Every structure is written in C-alpha cells, then in structure tokens.
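Naming: A, B, ... by sequence-line order, numbering from 1 per chain. Remember, predicted model here, so these are calculated numbers, not experimental data.
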Amino acid sequence: MARAYDVIDIEKKWQRRWSDEGTYEVDADDPRPPWYVLTMYPYPSGAAHMGHVRNYTFGDLLVRHRTMLGHAVLSPFGFDSFGLPAENAAIKTGTHPRIFTDARIEELKESITSLGAVYDWRREVRSHDPEYMKWNQVIFTKLFEAGLAYRANAPVNWCPGCHTVLANEQVLADGTCERSGDLVIKRDLEQWFFRITNYADELLAGLDDLAWPERVKIMQRNWIGRSEGAEMDLAVQGRDGSDGREPRSLRVFTTRPDTSFGMTYAVVAPEHPLVAELTTAEHADEVAALQARAAASTDIERMSESGSASLSKRGAFTGSSVVNPFTGAPVPVYVADYVLMGYGTGAIMAVPAEDTRDWDFAQAYGLPFVRTVQPPEGWDETGGPDGGPGGAYTGTGQKINSDWLDGLDIPTAKARSIEWLEQQGIGVGKVNYRLRDWLVSRQRFWGCPIPIVYCAEHGMVPVPADQLPVLAPDDVEFQPTGESPLATHPGFLNTTCPTCGGPATRETDTMDTFVDSSWYFLRFTDPWTPDAPFDKEIARHWMPVDQYIGGIEHAILHLLYARFFTKALVDVGIAPEGLREPFANLFTQGMIRMDGKKMSKSKGNLVAPSSYLTTVGADALRLFHLFVGPPADDVDWTEQTDSVIDGCARYLDRVWRLAVPDEPRAAGDTTNDLSDADVAIRRATHKLIERVSRDYERWSYNTAVAACMEFVNLLHPYARDGGRSDVVDEAVDTLLLLLAPMTPHVAAEAWERRHGDHIHLETWPLPDPALLVEDTVTMVVQVNGKVRDRIEVAADISEADAERLALESAPVVDALGGAMPKRVIARPPKLVNIVV
RNA sequence: GCCCGGGUGGCGGAAUGGCAGACGCGGUGGACUCAAAAUCCACUGUCCGAAAGGGCGUGCGGGUUCGAAUCCCGCCCCGGGCACCA
C-alpha cells in the first residue's frame with residue numbers, strides 16, 4: 001500500500017534517537033515523582049510474536065503517557081533466560097544453551113526495539129548472567145539460613161518428558177505437565193522446598209488491598225485454599241493401654257466439628273502410617289490390594305474412577321474401630337482413596353448425612369447415617385437416584401441429634417464443639433491450607449545451581465558469599481538421565497567443605513526458573529550496587545511496581561511466587577522494610593487466538609510481526625492492537641485482520657496529510673472573531689483531550705482511538721475547505737500529542753516537522769474547561785419511551801421550558817393524537833418523556 | 001459439580017439506567033482518472049413502504065422502572081479457572 005510518508009525510515013530514525021538520547025533513562029535522584037511500569041519479562045524465544053507486540057504496546061503507551069504527565073518513569077527490560085527450550089535445543093543440536101540463548105535474546109531485543117517500545121536498557125537483566133546468578137544464590141542462602149529453604153523427602157511430581165520434578169503449580173488439572181503435556185507421575189525424592197506456606201495467611205489477606213483483576217485474586221484465593229476447622233484424636237478401640245500395649249489414636253481434620261455427633265465411620269488414606277496397625281489379619285489382603293492399586297494409579301486414574309459407580313472398589317474395612325468422643329460409641333475405620341494423605345491429617349471422621357462424598361461411600365458400603373442438621377421441608381431422606389433434593393444435606397439449619405448442641409445454628413455449634421475439644425484435651429481449632437510448599441529443585445542443567453555443599457562432617461553447608469556464583473561447567477553431557485546433568489560431571493560434583501576443607505560434594509540440582517522471575521523487578525530498581533542484589537533505599541524509592549502488565553496464564557504461578565518472595569526478602573533483610581506487595585496494579589491482557597486456539601509456536605499458527613513492521617510499520621500495527629477491542633479481551637486473528645491493519649495505516653496517512661500538507665496551507669485570516677464553525681472545531685479539540693485522557697486512565701484504548709478517528713473525520717473537511725489556520729494548528733497539535741504514546745514515530749516526526757522539537761518531551765495537554773461547556777444540547781423528546789423528536793435547546797434550559805417545548809413539538813402532538821399526558825418526566829437538557 | 005467472565009448488524013466492537021449499533025473492517029453507489037491504484041463523497045440492523053414514514057430489534061422467558069443492552073429472578077449457550085482439599 002502506497003503511503004503518505006516514508007514509514008520505515010522515520011521509524012528507524014526515531015528508534016535510534018530515543019536510544020541515543022537516552023530519552024527514557026531515569027535515575028532514583030530524578031526530581032520528578034517516580035512511577036514504575038513493568039511488562040513481564042519474556043522468555044527469549046527469538047523474534048517477537050504477536051502476543052509480545054500486544055503486551056509491549058500497552059506497556060510502552062503507559063511509559064510515554066506517564067512521562068508526558070510529568071513522572072520519572074522507570075521502564076526496564078530483561079530476559080527470563082533460563083529454561084527448557086534452550087536445553088532441549090542443546091540436546092538436539094549440541095549447541096551450548098548459552099550460545100543459543102544469547103542469540104535468541106539479540107533477536108528478541110531487535111524486534112522489541114523495532115516496535116518502537118522504549119526502555120532504560122542500562123538496567124537490562126538476564127537470568128543466566130553470572131552476576132544475576134550470584135545474587136540469586138545469595139538469596140537462596142539467606143532463605144536457607146532463615147529456615148525458609150529446606151530439603152525434604154516427599155512424594156513429588158515427576159515429568160518423564162522434561163526429566164525433572166515439577167511444582168504443584170506446574171501440573172495441570174488433568175495431571176499433565178504444563179510445559180510438555182506429559183502425564184506427571186508421583187515419585188518419592190529428596191528435594192529442596194521454599195516454605196511459602198509460612199506466608200499462606202498473609203498471601204491470602206494481602207489480596208484484599210490489591211488493585212488486581214478480581215478473577216486473578218479469586219484464582220489465588222482458591223489456590224491457597226484456606227479452610228477453618230478442628231483436629232481431634234479418635235481413640236482406637238482396644239488400644240487404650242489397658243492391655244499393656246501403647247495407646248493409639250487417630251487424628252482427623254474436619255471443617256465441620258459441629259457434625260461430630262453424626263460420625264458413623266472414619267476413613268484413613270491408603271498411605272496413612274497407621275494403616276498397618278489398624279488392619280486386622282482377616283482384612284489384610286483386601287487392604288493391601290487397595291493400597292497397591294492406589295500407589296500404582298495416577299491422579300487421573302483415581303479421578304476417572306470417581307463417582308458412585310466405582311465406589312465399591314475404592315474402600316476396604318480395616319477391621320478396627322475408633323471411638324466417637326462426642327457419643328462414646330465405636331465406629332468402624334475404613335481405608336479409602338477418596339481421602340488424601342497430603343491434606344489435613346490424611347484421616348477423616350465421616351459424616352454421611354452432611355457430606356456428599358461420605359454419603360456416596362456410606363451408601364455403597366451400607367453404612368448408617370445420623371442427621372445433625374435439620375434439612376428443609378421436602379428433603380428426601382434416602383436421596384434417590386432420580387435426583388431431587390435428598391441425600392447429604394450441606395446447607396444451613398438447626399442442630400439436631402447432637403445432645404448439648406441441639407437447637408444451635410452451625411457457626412455457634414462449630415465454636416462450641418471446638419471449645420469442648422480443647423477443654424477435653426483431645427482436639428484443637430485448626431486452619432488448613434491447600435497451598436503446599438514450593439518445590440524448587442530441578443534436575444536440569446540450564447538453570448541456576450543451588451549453592452549448597454554436602455559434607456560428611458558438617459552436613460548441608462551453604463557456599464559462602466565470596467565464592468558465589470556457583471557456575472555450571474560448560475563441558476557437560478546434556479543427554480537427560482533423570483539425574484541433573486551436573487551430577488555426572490566429577491569436576492563440578494566433587495569439592496571441599498567450606499567449613500572444614502574436607503572432601504564434599506555439591507548439590508547438583510538447579511533452581512526452578514520461577515525463582516529467577518520472583519525478584520527481577522527488585523533488581524531492576526538498582527542493578528549496579530556491588531555488594532547486594534539491590535540497594536534497599538533505591539528499591540524503596542521505586543517499589544512497588546505501579547503498573548504490572550502480563551498474561552493471565554501467570555495468575556497463580558509467577559504472581560504468587562513473586563508475592564511470596566517480596567515478603568520473604570523483606571523478612572531476611574534484603575528488601576526494604578514495609579514493602580509487602582510487589583505489584584500495586586496488575587493488568588492482564590487478552591491473548592491472540594487463531595482458529596480458536598491460542599497463537600503460539602507450539603500450535604504452529606504464528607503470524608510474524610516482522611512482516612508488518614517492514615510494510616505498514618510499527619505505528620500501524622500498534623494502532624491495530626489498541627483499536628481492535630478492549631485490552632483485556634482475547635483477539636481473534638482472522639482473514640479480516642489485515643484489512644483492519646491497513647485501515648489503521650490509512651488513518652495515520654490521513655493524520656500525516658493534515659499535519660504535514662504537501663503544499664503549505666494558505667495562511668487564512670485569523671484576525672476576525674471566530675465563527676460558529678471555528679468554535680465547533682475548538683470545542684471538539686478540547687473535548688477530545690478530555691475523552692482520550694479519560695480513556696487512557698480506564699484502559700479503554702479502543703475508544704480512545706475511535707475518538708481520534710472521529711476527530712479527524714470532523715477536522716478534515718474543515719481544514720480542506722478553508723478553515724482558520726490557528727484553529728487547525730491547535731487541533732492538529734493536540735491530536736499529535738494525544739497520539740504520541742500510541743503511535744510514537746509518526747507523531748514525533750510530524751511534530752518535528754511542524755515545530756522542530758521533540759513531542760515526547762512535551763507535557764500532556766489539558767482541556768480548557770470553558771470550551772467543554774456546551775451552549776446548546778440536543779434534547780430528546782419521547783412519548784411513552786419512544787423517541788418522537790429531537791430539539792436543539794440551551795444547555796441551561798429550565799424544566800418548565802423543556803416541558804413546554806416538548807409538548808409544542810409537532811411530532812409529539814401527532815403522536816399524542818389529542819390524548820392528555822398523564823405524566824411528564826423532564827430531565828433537562830437531555831430528555832423529556834411524556835407518558836399517556 | 002463449584003467459582004468467575006461473556007452472549008449487541010455480515011465481522012471487530014461502542015453505549016453501565018435516558019437517541020442501540022459510535023469508530024473501524026467488509027459491502028453498494030458515485031466523483032476524480034484514458035484506465036487502475038490512491039484519495040474524496042454518499043448509503044449500509046431488519047421488516048413494510050415508491051417515498052414520507054412506521055413496525056420490530058441487544059441469547060430466551062419473566063420482573064422492577066416514566067424509561068432496561070445496562071438493574072433483579074429463572075433458563076439456554078460459549079469461554080476460562082478449580083475439582084475427591086474433609
């Protein structure tokens with residue numbers, strides 16, 4: 001498409017200038033108020049894709065807008081450069097991941113720059129930079145010393161495709177790996193964990209005050225999964241110590257201690273340590289079979305067998321009983337795989353009448369139930385298979401069949417039963433979380449080594465700070481074995497103990513790459529301090545991030561870890577006191593979809609931005625992303641998209657021709673008073689400032705663009721047909737200023753041609769309030785809610801005058817047909833509604 | 001199953017209690033041109049009508065209101081998240 005100006009040259013020119021002049025470099029001693037905008041740093045996968053374009057367009061717009069509003073805007077960029085793709089490429093091609101990664105970084109940097117996105121590149125961070133790794137390891141050491149990093153043997157998620165363990169957060173709901181899609185299996189392994197559960201309550205409570213999208217907060221709340229209840233001991237019958245054997249009891253967790261009188265059996269998880277002791281000889285085979293099956297099955301298999309149909313295979317009676325402390329009656333103990341060892345105590349009291357899972361199980365095994373909450377009228381006692389209300393009743397109601405709890409409501413009964421348990425010394429009020437500690441070990445090469453040494457004498461010894469970073473050697477065997485590639489390298493593995501100098505071995509696991517991304521935003525504030533990850537006072541100056549931008553896919557993983565890290569780093573003295581949350585505002589933009597699927601390399605449906613950058617240019621592509629719809633919504637890339645992008649380019653051409661006419665506009669007479677037509681343009685100009693400014697604040701860029709288009713539609717005929725040059729100049733200059741954050745190159749070039757200086761150093765325009773006040777308004781006149789007439793009226797028309805004008809209107813008289821108005825609703829000056 | 005979003009022309013979308021469809025894409029017609037491109041102008045929800053004009057219309061059904069795309073209740077469909085968490 002032929003263009004009105006030389007798009008490519010102009011874009012290159014300005015990109016060079018912003019970089020050469022350091023236009024967007026700021027320091028902490030800048031007198032302007034600080035504002036920190038950050039777009040999630042990317043994994044360097046090569047040239048930018050459309051998702052990046054969208055992301056960085058929003059971020060860049062904010063940087064430029066806030067700068068024009070008079071802030072010192074911190075806008076850093078970096079690369080999340082550790083990770084599996086580089087290592088997989090190394091396995092395939094033999095190229096070292098560092099070489100592979102550095103090349104991808106250069107490509108991505110180049111394409112981000114050609115978008116016109118501006119950053120303070122002096123602050124660039126790369127996760128695999130030895131300097132960054134050093135501080136990563138220092139942080140690990142501090143967390144270890146504070147007891148927040150620990151090593152434990154635990155059943156963990158193992159991805160056979162990635163040859164490494166995964167955190168719970170990285171396993172999808174269907175039991176597959178979020179990265180490779182392989183079915184994740186359980187393994188018992190010694191692994192490193194971060195004690196994120198210490199912060200469970202704070203992570204939950206802190207959400208309330210964050211200006212984050214509600215659904216992200218809800219996802220985090222669900223993930224943390226707080227539930228309040230009680231733990232209590234159930235004495236095992238026959239094991240009270242009277243026969244000389246040690247007394248035994250089963251500890252259970254429940255959220256409904258108020259239903260204790262309704263416990264008719266108890267269940268332990270197949271992996272529960274007490275199973276062997278509880279199981280009598282005659283039930284041993286059955287229990288063993290169930291345990292074997294549970295151990296062999298994946299979570300998927302367990303779930304696929306859920307439902308009442310397969311319940312009969314899912315449990316086994318142990319032959320033992322425990323005593324319900326509330327009634328004193330013994331109840332049978334079952335082993336069943338619907339109880340999970342990993343949650344609560346791995347054992348439950350079963351109350352079929354008030355829990356649907358217990359109900360289903362009780363039905364399958366012929367176990368009785370006792371209601372302790374009065375169900376509503378019409379509740380089917382047995383809960384037939386034909387549906388309808390019945391079976392377990394989990395709603396509110398009065399306590400029944402519960403002795404001293406009878407007549408109480410559920411919350412009161414809960415509190416009373418917890419009090420009672422505590423008085424009796426057999427239980428305690430307890431809060432449980434779904435959240436587990438963060439498993440950070442990875443058996444991979446391309447990550448930050450965990451800086452720990454194992455000494456026969458001194459155990460786990462952190463590598464001293466002056467010996468950091470621990471770097472992986474380059475000459476390692478990449479082929480995955482299930483062990484870290486570092487473990488097969490004797491030169492790395494064998495070392496000496498920092499404490500005693502004796503022979504020792506190194507930890508060979510590397511850290512989850514989410515560790516790198518959990519504090520990079522802090523590093524950005526001060527990547528230069530030699531003796532700390534960042535200077536506390538400088539971090540205090542910029543933090544928290546005023547606006548964080550990224551994809552919804554990080555709602556749990558990255559955003560939860562980063563919140564945890566921020567709190568933990570404050571607590572170990574690295575981050576400034578008082579900082580509790582890293583990201584004050586979060587915006588999650590929609591993804592780009594094609595043929596109903598997310599546009600991505602792995603789906604093979606990528607549309608390369610480069611083909612647009614070298615044709616219509618960055619400004620047109622940026623304008624498209626801003627215009628196509630609300631930023632939070634997904635974008636569907638269709639056959640029509642190219643036409644829309646062309647439309648955006650066409651619009652920029654129109655702006656260019658208005659701003660930089662081929663032939664200079666006639667000077668025009670600017671001495672007379674302004675005509676109505678002149679004033680109308682001036683009003684529209686100032687109205688535009690107001691609209692665009694408001695739309696920027698509320699992330700409504702699509703309507704901001706629409707307003708600018710509308711304005712050009714209005715201005716164009718005025719300018720062409722001899723409009724006053726002073727009025728046109730004001731209009732055009734204003735338009736360029738408002739476009740400057742969206743389409744920076746064309747705005748900068750046009751401005752320079754008109755004024756000789758730099759538009760992005762100008763201040764954001766303010767509307768003249770006098771011009772925002774309209775003298776006349778179109779008043780709508782309705783009869784019974786139907787529009788019958790539109791009348792131009794004075795903006796300050798009185799209610800009586802509005803009513804009178806409305807009733808005199810010919811179409812209204814027609815519509816009334818002589819009928820007497822029953823009621824007239826006047827909302828001057830906008831509307832009058834006549835009701836008959 | 002539970003919890004969030006969402007459903008408006010041929011398409012992307014606008015309007016958050018007061019003119020439904022701004023703006024753009026696509027389409028139709030016209031001007032300019034030898035012609036094309038570019039540019040400019042007009043029209044473009046649907047039905048009835050030659051027109052003027054009028055009826056209908058925001059997933060479906062009810063309700064509140066002078067007035068509902070917008071608020072409330074019930075349902076249908078689409079997308080996302082969670083899912084034996086006791």
Give one of base, sugar-phosphate or nothing for Q640(A), where a contact means two heavy atoms less than 4.0 Å apart.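 Base contact.
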
Provide the distance between the two [atom1] atoms, one in [N] and one in [M], to the nearest whole Å.
| N | M | atom1 | result |
| --- | --- | --- | --- |
| C77(B) | G26(B) | P | 36 Å |
| U58(B) | A36(B) | C1' | 42 Å |
| A68(B) | C73(B) | C1' | 15 Å |
| G67(B) | C56(B) | P | 15 Å |
| G7(B) | C11(B) | P | 14 Å |
| G55(B) | C78(B) | P | 36 Å |
| U65(B) | G1(B) | P | 36 Å |
| A42(B) | C47(B) | C1' | 24 Å |

Residues which pass salt bridge (Lys or Arg N to Asp or Glu O under 4.0 Å) with R788(A), listed by chain and number, not counting sequence neighbours: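 Partners of R788(A) under the salt bridge (Lys or Arg N to Asp or Glu O under 4.0 Å) test: none.
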
Listed partners of D695(A) passing salt bridge (Lys or Arg N to Asp or Glu O under 4.0 Å), at least two apart: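 In terms of salt bridge (Lys or Arg N to Asp or Glu O under 4.0 Å), with neighbours along the sequence ignored, D695(A) is linked to R698(A).
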
With sequence neighbours excluded, tell me which residues meet side chain to side chain donor-acceptor pair (under 3.5 Å) with D208(A).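 Partners of D208(A) by the side chain to side chain donor-acceptor pair (under 3.5 Å) criterion, ordered by chain and then number, come out as R221(A).
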
Side chain to side chain donor-acceptor pair (under 3.5 Å) involving T356(A) - partner list, sequence neighbours excluded: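 Expected list: none.
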
[X] side-chain proximity, nearest of [options]:
| X | options | answer |
| --- | --- | --- |
| R434(A) | C23(B), C82(B), A14(B) | C82(B) |
| W223(A) | C40(B), C82(B), A86(B) | C82(B) |
| R650(A) | C82(B), C25(B), G12(B) | C25(B) |
| I348(A) | G12(B), A86(B), G81(B) | A86(B) |
| R788(A) | G13(B), A83(B), G55(B) | G55(B) |
| L340(A) | A86(B), C82(B), C40(B) | A86(B) |
| S643(A) | C82(B), C19(B), G26(B) | G26(B) |

Any non-hydrogen side-chain atom of V7(A) less than 4.5 Å from a side-chain atom of D619(A)?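 Of all side-chain heavy-atom pairs linking D619(A) with V7(A), none is under 4.5 Å.
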
If you count the non-hydrogen atoms of other residues, nucleotides and ligands that lie under 6.0 Å from NZ in K830(A), is the total more than 12?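 No - once you tally the heavy atoms of other residues, nucleotides and ligands closer than 6.0 Å, there are 12 at most.
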
Mind checking side-chain contact (heavy atoms from CB on, under 4.5 Å) for [X] and listing every partner two or more places apart, or none if nothing turns up?
| X | value |
| --- | --- |
| R654(A) | R657(A), V712(A), N713(A), H716(A) |
| I426(A) | P325(A), W420(A), L421(A), Q424(A) |
| D355(A) | R357(A), D358(A) |

Could you write out each protein N or O paired with an N or O of nucleotides 65-68 of chain B at a distance under 3.5 Å?
| from | atom 1 | to | atom 2 | distance (Å) |
| --- | --- | --- | --- | --- |
| C66(B) | OP1 | R823(A) | NH1 | 3.0 |
| C66(B) | O2' | N833(A) | ND2 | 3.4 |
| C66(B) | O2 | N833(A) | ND2 | 2.6 |

Whole angstrom is fine here: how far is it from [atom1] in [X] over to [atom2] in [N]?
| X | N | atom1 | atom2 | result |
| --- | --- | --- | --- | --- |
| Y651(A) | A22(B) | OH | C1' | 14 Å |
| D636(A) | G13(B) | CG | P | 8 Å |
| I552(A) | C82(B) | CD1 | C1' | 14 Å |

Return one dot-bracket line describing RNA chain B 5' to 3' (Watson-Crick or G-U wobble pairs, both distances under 3.5 Å; ( ) same strand, [ ] crossing, | another strand, . none). (((((((..(((.....[....)))((((((.......))))))((((....))))..(((((..]....))))))))))))....

What heavy-atom pair brings R251(A) and A347(A) nearest, and what distance separates the two atoms?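 Minimum heavy-atom separation between R251(A) and A347(A): O-CB, 3.6 Å.
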
Tabulate atom names and distances for all N/O pairs under 3.5 angstrom spanning the protein and nucleotides 2-9 of chain B.
none

Please list each protein N or O that sits under 3.5 Å from an N or O in nucleotides 56-58 of chain B, with the distance.
none

Which of residues 252-269 of chain A have a heavy atom under 4.0 Å from RNA chain B?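 Contacts with RNA chain B under 4.0 Å: F253(A), T254(A), T255(A), R256(A).
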
